[in-house]
Amino acid sequence: MLASSSAGNSVFLGTDHTRILIDAGLSRKETLRRLADIGEDPRELNAILVTHEHTDHIAGLPLLSKTLDVTVYATELTAPSIITSDFSGRVQTFQAGTGFEIGDLRVDSFTIPHDAVDPVGYCIRHGGRKVGIVTDLGYLPESVKYHVRGCDLLMLESNHDLEMLKVGPYPWSIKQRVMGRKGHLSNDVVSDFIYEELDGVTHTLVLGHLSEHNNHPELVRLAASQALERKALSTRLVVAKPRLQSELIEF
């Protein structure tokens, strides 16, 4: 996770032959710096996958598209929102819910409930392994639960602590949006999902997109750890702290 918060989101995923970003919410300079920190040459990126058009997911996309010879993948409905006057990259569109291949990666997209034009999550397969990337959604419909079953690694948002949100600095209209069915997941909802739905196949669970005003990494860790303990799962838990690059996860 190069970054995961309302200040910017970007995930790097690579194999020996294919390298991609999921979202490009950091500046070009910061994206290139963080890739260099993990020993990756940005010129070797094959694609950037966009989940939706909100600024914290695409802020660096126009300049990155000018700098790198990389294809940007976005849904047919999302694409018009990211192709602005300063965007000069190649765009490959797809319909939400369909799959495609990038190098030796198999990418499957699925619709998620969020207040964007056509938001999606992704499951990515390679060599019999499956990675799920699911952030920015107001609740977990059965369709999303279905898609993330059997993930070896699952990245899921744990955006806010409900009590912190209620007494926090946001205007009430924003609080209602965040708590709504097209907003963001709370720690409690994620904890319930872990206890009720997470299976033993998932060896690593990454929780990200934490609100800097309405959450704290230790609250996320505590709620998720308790749920894992109740279910007697030995799943490795990683909490991606806002604005910071996470540890490199290899498997």
Side-chain angles (χ1 to χ4, degrees), residues 1-5 7-75 78-79 82-84 86-94 99-109 120-135 151-155 203-204 206 208-209 236 238-251:
M1 280 57 65
L2 301 184
S4 180
S5 76
N9 296 274
S10 187
V11 176
F12 169 82
L13 189 150
T15 70
D16 288 341
H17 305 289
T18 307
R19 287 160 169 77
I20 64 173
L21 290 181
I22 297 96
D23 288 329
L26 296 170
S27 69
R28 174 178 60 180
K29 179 180 179 181
E30 191 63 17
T31 300
L32 300 183
R33 185 186 72 79
R34 295 192 183 198
L35 284 171
D37 283 347
I38 57 172
E40 291 295 331
D41 184 348
R43 294 170 297 181
E44 294 185 358
L45 281 175
N46 300 98
I48 300 174
L49 278 58
V50 174
T51 60
H52 63 291
E53 76 281 5
H54 289 169
T55 303
D56 57 324
H57 292 260
I58 65 163
L61 194 60
L63 289 180
L64 278 174
S65 71
K66 289 181 178 180
T67 304
L68 306 175
D69 182 25
V70 61
T71 301
V72 176
Y73 288 77
T75 73
T78 298
I82 66 173
I83 301 174
T84 59
D86 55 351
F87 182 90
S88 59
R90 300 187 305 275
V91 178
Q92 177 68 49
T93 62
F94 61 92
F100 47 91
E101 293 182 356
I102 302 174
D104 57 0
L105 297 176
R106 168 68 187 185
V107 179
D108 291 302
S109 67
V120 293
Y122 293 106
C123 281
I124 301 161
R125 292 176 170 86
H126 169 74
R129 293 173 178 169
K130 179 180 177 183
V131 173
I133 308 291
V134 193
T135 66
C151 282
D152 296 277
L153 184 150
L154 174 61
M155 180 182 179
H203 65 67
T204 302
V206 182
H209 211 298
R236 178 188 181 194
V238 177
V239 178
K241 297 180 180 179
R243 297 183 185 268
L244 298 180
Q245 185 165 318
S246 79
E247 61 190 273
L248 182 64
I249 300 171
E250 297 183 279
F251 65 97

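Side chains included, hydrogens not; waters and symmetry mates left out as well; all remaining heavy atoms used.
Taking CG of Leu68 as the reference point, atom CD of Glu44 lies at 11.5 Å (rounded to 0.5 Å). Interatomic distance, NZ of Lys29 versus CG of Leu63, reported as 13.0 Å (0.5 Å rounding). In this structure, the separation between CZ on Arg28 and CG on Leu26 is 13.5 Å, given to the nearest 0.5 Å. How far CG of Leu13 is from CG of Leu105: 6.0 Å, rounded to the nearest 0.5 Å. For the atom pair Thr55 OG1 and His57 NE2, the distance stands at 9.5 Å (nearest 0.5 Å). Within the model, atoms CG of Leu61 and OG1 of Thr84 stand 8.5 Å from one another, a figure rounded to the nearest 0.5 Å.
Just one residue in the list Leu49, Val72, Leu35 forms a side chain to side chain contact (heavy atoms under 4.5 Å, CB included) with Leu21, and that residue is Leu35.
At least one side-chain heavy atom of Tyr73 sits less than 4.5 Å from a side-chain heavy atom of Ile102. Counting only heavy atoms from C-beta outward, the side chains of Ile124 and Ile20 approach each other to under 4.5 Å.
Residues forming a salt bridge (Lys or Arg N to Asp or Glu O under 4.0 Å) with Asp37 (at least two apart in sequence, or on another chain): Arg33. For Asp16, there are no side-chain hydrogen bond (donor to acceptor under 3.5 Å, both in side chains) partners at least two apart in sequence or on another chain.
Residues Val70 and Leu45 come closest through the heavy atom pair CG2-O, 4.0 Å. The two residues His209 and Asn9 make their nearest non-hydrogen contact at CD2-OD1, 3.3 Å. What you find for Cys151 and Val131 is that their closest heavy atoms are SG-C, 4.2 Å. When all heavy atoms are compared, the tightest approach of Cys123 to Gly132 is SG-CA, 4.1 Å. The nearest pair of heavy atoms linking Gly103 to Thr18 is CA-OG1, 3.5 Å. When all heavy atoms are compared, the tightest approach of Met155 to Ser4 is CE-OG, 3.3 Å.
Side chain of Ser10 to backbone of Asp23: a donor-acceptor contact under 3.5 angstrom is found. In this structure, the side chain of Ser246 engages the main chain of Met1 through a donor-acceptor pair within 3.5 Å.
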Show the numbers, then the answer: is there a side chain to side chain contact (heavy atoms under 4.5 Å, CB included) between Val120 and Thr78? CA-CA 10 Å; Val120 293; Thr78 298; over 6 Å; no
Set out, in order, the CA-CA distance, both residues' side-chain angles and the distance that settles side-chain hydrogen bond (donor to acceptor under 3.5 Å, both in side chains) for Thr71 and Arg90, then state yes or no. CA-CA 5 Å; Thr71 301; Arg90 300 187 305 275; 3.1 Å; yes
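Residue pairs satisfying the side-chain hydrogen bond (donor to acceptor under 3.5 Å, both in side chains) criterion with at least one member in residues 121-135, sequence neighbours excluded, are listed as follows: Asp108-Arg125.
Side-chain contact check for Arg236 and Thr204: no donor-acceptor pair (N or O, by modelled atom type) lies under 3.5 Å.
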